[in-house]
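Let me begin by presenting the structure, written as structure tokens, before commenting on it.
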Amino acid sequence: MTYQEKKSIVSLISSILIFVLYCLYRYPLYPGGAPDSKEMLHYWGSFVLVLTLVSIAAHIVISIIFNIIFRITTGEKEPAFADELDKRIDLLAFRNSFVVFVIGFILAMGSLVIDRPLEVMFVILIASGFLSDVIGSVSRMYHYKRGV
Amino acid sequence: MGKVLVGNHIRKLRFNHNEMTQQQLADKVGVTRQTIVALEKGNYSPSLELAFRIAHAFNLPLEEVFFYGQNSEEE
């Protein structure tokens, strides 16, 4: 298994773990009351912002740890640059990821159109963000394994 | 994803060039070793520029390194 394949798997697992752990941490803090109250909007806003920051920080730390473990276990250095194959796979993964997020965004807007509560819109948006991240990692894994 | 139609003789040529390693070839043409692995497996068709750089690394014309469709040696 190549460095990129391993990295895609680690990225996929870490994305799922970060999201699940973060949701488990935030779920008990869910405020009661009216669905469009100020507290509720504050809750969802901070949910998305903190998740984004935590996710970026955790991915950086996990990537550093992965590189150290990769060097120790294989005795190889990780590739220092992205070549044309890496860039092409990144583009394909980004496209798939983007499509999933846009579908989620449209569904979220649709939920407002059919008068669903505001929290449904936020849940769909957050879920599509998570799914798009997962699809991006799976696409990378697939293309590194099967080619482009 | 199916095998690409552009094939190559990179593995054989590396062997004929003092058993050049994948890493040595990768360094020569400016890509990662994983890209050479993907090329040899037939999982990736290189850009024209990379194809020329690989042919140049072996001091051969492009058509002696890459071929389109089935390999004439295998027919």
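Residue numbers begin at 1 in each chain, while the letters A, B, ... track the order of the sequences.
In this structure, A/Leu92 is not a member of the same hydrophobic cluster as A/Phe98, with clusters built from ILVMFWY side-chain heavy atoms closer than 4.5 Å. Grouping the Ile, Leu, Val, Met, Phe, Trp and Tyr side chains by contacts below 4.5 angstrom, directly or via other members, places A/Ile68 with A/Ile60. Note: the hydrophobic cluster containing A/Phe47 does not contain A/Val120 (ILVMFWY, side chain heavy atoms under 4.5 Å, direct or indirect links). Hydrophobic clustering keeps A/Val54 apart from A/Ile56 (ILVMFWY residues linked when any side-chain heavy atoms are closer than 4.5 Å, directly or through intermediates). No path of Ile, Leu, Val, Met, Phe, Trp and Tyr side chains, each step under 4.5 Å between heavy atoms, connects A/Phe130 with A/Ile103, placing them in separate hydrophobic clusters.
Heavy-atom neighbours of A/Lys145 NZ from other residues, nucleotides or ligands within 6.0 Å: at or below the threshold of 12. Other residues, nucleotides and ligands contribute at most 12 non-hydrogen atoms within 6.0 Å of the CZ atom of A/Phe105. Around the CZ atom of B/Phe52, the shell of radius 6.0 Å holds no more than 12 heavy atoms that belong to other residues, nucleotides or ligands. For A/His42, the NE2 atom sits in a loose shell: 12 or fewer heavy atoms of surrounding residues, nucleotides or ligands are nearer than 6.0 Å. For A/Tyr27, the OH atom counts as loosely surrounded, since its 6.0 Å shell holds 12 or fewer non-hydrogen atoms of other residues, nucleotides or ligands. Applying the 6.0 Å contact sphere to CZ of B/Arg53 captures more than 12 heavy atoms from other residues, nucleotides or ligands.
Neither the backbone nor the side chain of A/Tyr144 has a heavy atom closer than 4.5 Å to any heavy atom of chain B. With a 4.5 angstrom heavy-atom cutoff, A/Glu76 touches chain B only via side-chain atoms.
Atom-to-atom distance recorded for A/Leu85:CG and B/Leu50:CG is 9.5 Å, nearest 0.5 angstrom.
Minimum heavy-atom separation, A/Glu84 to B/Ser47: OE1-OG, 2.6 Å.
Annotation: residues 32-39 of chain B contacts chain A through B/Thr32, B/Arg33, B/Gln34, B/Thr35, B/Ala38 [non-hydrogen atoms, separation under 4.5 Å]. For residues 7-17 of chain A, a heavy-atom distance under 4.5 Å to chain B picks out no residue at all.
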